[in-house]
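Keep in mind that the numbers below use all heavy atoms, side chains included, and drop hydrogens, waters and symmetry copies. To find a chain, count down the sequence lines: A is the first, B the second, and so on, and within it residues start at 1.
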Amino acid sequence: MATFDTPSRRSVLKIGGAGVFAAAFLAACSDDEPVGVSGTPSPTTDVTPTVPTKPPTDAQLAEVQVQLHTLASVEALVASVYADRASEITDPELAPHVARFGADHTAAATAVAALTEDGATPEPNAWLQENLVDPAADSLNTAANVQTFLSNLESSLVATYVNAMTDILDPTMRRTLMTFGAAAARRVTLLRDGEVPEGAVYPSADLISNDAFLGGTEEATGDSTPGDAESDTPDQADNQSD
Amino acid sequence: MPIDQPEATAAVNPRRTFLARAAVGGAVVTAGSIAGPLLRAVPAGAQTDTTSGSLDDSSFAALAVPLELGAVQVYEAATEAPDMDDDAKSTLRTFQQHHQTVADTLTDYYTGDADLTEDPAVVARSASVGGSANAAFTALAELEQALAATHLDALGSISDAITAKYVAGVLAVQGQQAVALTLLAGTDPAAVVPAAVTTDGALTTTTGEAGN
């Protein structure tokens, strides 16, 4: 019958010690290359590889133009409302500022239009004129009502600028647009007599309807985009009736 | 077209959003190396047009969180002004909470190892807000304008569109707070209601990884 020698504790330790010695010996014989790597070591670098920027699609580029044309048209609309109504603000502390706001919006409309590919002169947004400004005419019979209406228009403009940030591809263009959007936000607070903002981020509740967005150059005069009405949400429609 | 609600997205689950973007984009660069160009305070019009910014979410957080946390401290000091009435204190508490909210949200964007703490230069403004309510309103209005300018400056470098929208919403509100504070101070608001806001007075952080 075959017998097997059971290794003693001492013999196990001797074998282990020999292994450690052998590893240390081999390591000492090698150069500085990493142990256990065969072939050419992969290059190391502390710099994260640059991921190529994905070129924008035609649809994305077209959406940029939609946003720019729309913003310019809303600016032009607000400018026209100020031209018609600013003189009705009689508060002596507020009136001098309001008298200037129309020109501010005209300048903004021109500046935003200059960012578009065609540089077309912006016309007041026709959809908002027809569905927001014209229906409100009868109710604008007091200075307070006019002031509230102007502040709501400014707020819609702010929300539209902020919303555009996700469609505008160029960060520097985003910044340029927000120089006007943030100015409109400040006018909201002034027109609302220093009303305290409720949240840390400007709310999107006053965003204009999808129907007010201009589909392209041919619609820069304000025709609504075919099919957009289907994508309009009840919330957005409600916002316009406020 | 308006199809998303980014402020909700950014506020509710910013870390998951960031990780998803990081997985797609594949590029996470250290804050120090990225914050440099921003902190050189290049004028807005001097930058070359690009289709992608150089400032990732974490790097922006490293810049902005210390400033926002510093603002929280300044507001705390302002409420101690001896003639500050309860209504005004309530307004200041609201604005203070807004800055804390922004700091909390942006902290979730941060992936670095350094602790993001209050910027000492901003906290130092506390010295000018405790004397009287009017002094506090004026100093806080200046701080709000500086913070809004800082966010506007950063907006021109932020690479992620959703983050850009969040920052745009924040800087709009901070500008509103500057107006409200100016009106509380009883001073002419003309200077805080310009035709177009600028990056003048934008801050640079003096703490954290983005320090210069």
Side-chain angles (χ1 to χ4, degrees), chain A residues 48-51 53 55-56 63 66 96-97 100-101 103-104 107-108 111 158 160-190 193-204 207-208 210 213 228 231 233 236, chain B residues 1-7 10-11 25-29 44 47-53 55 91 94-95 97-99 101-102 105 148 152-153 155-159 161-162 164-173 175-180 183-184 189-190 192-199:
Chain A
T48 304
T50 301
V51 178
T53 302
E63 186 59 30
V66 167
H97 305 294
R100 194 202 75 212
F101 291 165
D104 291 351
V158 182
T160 307
Y161 270 113
V162 172
N163 182 76
M165 295 296 107
T166 50
D167 288 317
I168 300 299
L169 304 174
D170 179 2
T172 58
M173 186 181 286
R174 291 187 194 126
R175 175 168 54 194
T176 299
L177 293 176
M178 277 312 296
T179 64
F180 304 119
R186 295 178 183 208
R187 287 190 284 265
V188 170
T189 301
L190 185 64
D193 299 323
E195 180 182 78
V196 174
E198 292 182 0
V201 182
Y202 204 88
S204 59
L207 178 64
I208 61 172
N210 275 355
F213 281 81
D228 272 357
S231 62
T233 64
Q236 288 163 347
Chain B
M1 299 298 172
I3 57 174
D4 61 346
Q5 300 294 326
E7 63 268 28
V28 178
V29 188
Q47 293 194 8
T48 304
D49 283 354
T50 61
T51 54
S52 64
L55 192 61
T91 296
T94 299
F95 293 174
Q97 183 57 49
H98 290 169
H99 289 290
T101 298
V102 174
T105 299
L152 181 64
D153 190 30
L155 190 60
S157 301
I158 290 172
S159 56
I162 299 295
K165 184 174 177 180
Y166 179 77
V167 173
V170 166
L171 76 92
V173 167
Q176 289 187 295
Q177 291 174 175
V179 175
L183 293 175
L184 282 173
V192 291
V193 191
V197 301
T198 71
T199 59

Tell me, side chain or backbone of B:A148 under 4.5 Å from chain A's heavy atoms, or both, or neither?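 Answer is side chain: those atoms of B:A148 sit under 4.5 Å from chain A.
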Got a second to check how far A:R175's CZ is from B:D153's CG, nearest 0.5 Å?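 If we round to the nearest 0.5 Å, A:R175:CZ and B:D153:CG are 5.5 Å apart.
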Atom pair NZ/CZ of B:K165 and A:R174 - distance to nearest 0.5 Å: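 So the gap between those two atoms works out to 11.5 Å.
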Winner by heavy-atom pair count (cut-off under 4.5 Å) against chain B, out of A:A103, A:P96, A:A183, A:G199: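 Top count of heavy-atom pairs under 4.5 Å with chain B: A:G199.
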Heavy-atom pairs under 4.5 Å with chain B, option from A:A184, A:P197, A:G194 with the top count: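 The option with the most such pairs is A:P197.
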For A:R186 and B:V197, what are the C-alpha separation, side-chain angles and deciding distance, and is it a side-chain contact (heavy atoms from CB on, under 4.5 Å)? CA-CA 9 Å; A:R186 295 178 183 208; B:V197 301; 3.6 Å; yes
For the student: nearest non-hydrogen atoms of [X] and [Y], plus distance:
X: B:S157; Y: A:P171; result: N-CB, 4.1 Å
X: A:L190; Y: B:P189; result: CD1-CG, 3.8 Å
X: B:A172; Y: A:M178; result: CB-CE, 4.4 Å
X: B:V173; Y: A:A200; result: CB-O, 3.7 Å
X: A:E198; Y: B:H98; result: O-NE2, 3.3 Å

At a 4.5 Å cut-off on heavy atoms, which part of A:F101 comes close to chain B: side chain, backbone, both, or neither?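 Contact with chain B is through the side chain of A:F101 alone.
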Do A:T179 and B:T198 make a side-chain contact, defined as non-hydrogen atoms from C-beta onward lying under 4.5 Å apart?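 A:T179 does not reach B:T198 side chain to side chain.
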Can you find a pair of side-chain heavy atoms, one from B:L155 and one from A:M165, that are under 4.5 Å apart?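 With C-beta onward as the side chain, the pair touches.
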Find the one option among B:T101, B:V193, B:L183 whose heavy-atom pairs under 4.5 Å with chain A are most numerous.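 The residue among B:T101, B:V193, B:L183 with the greatest pair count is B:V193.
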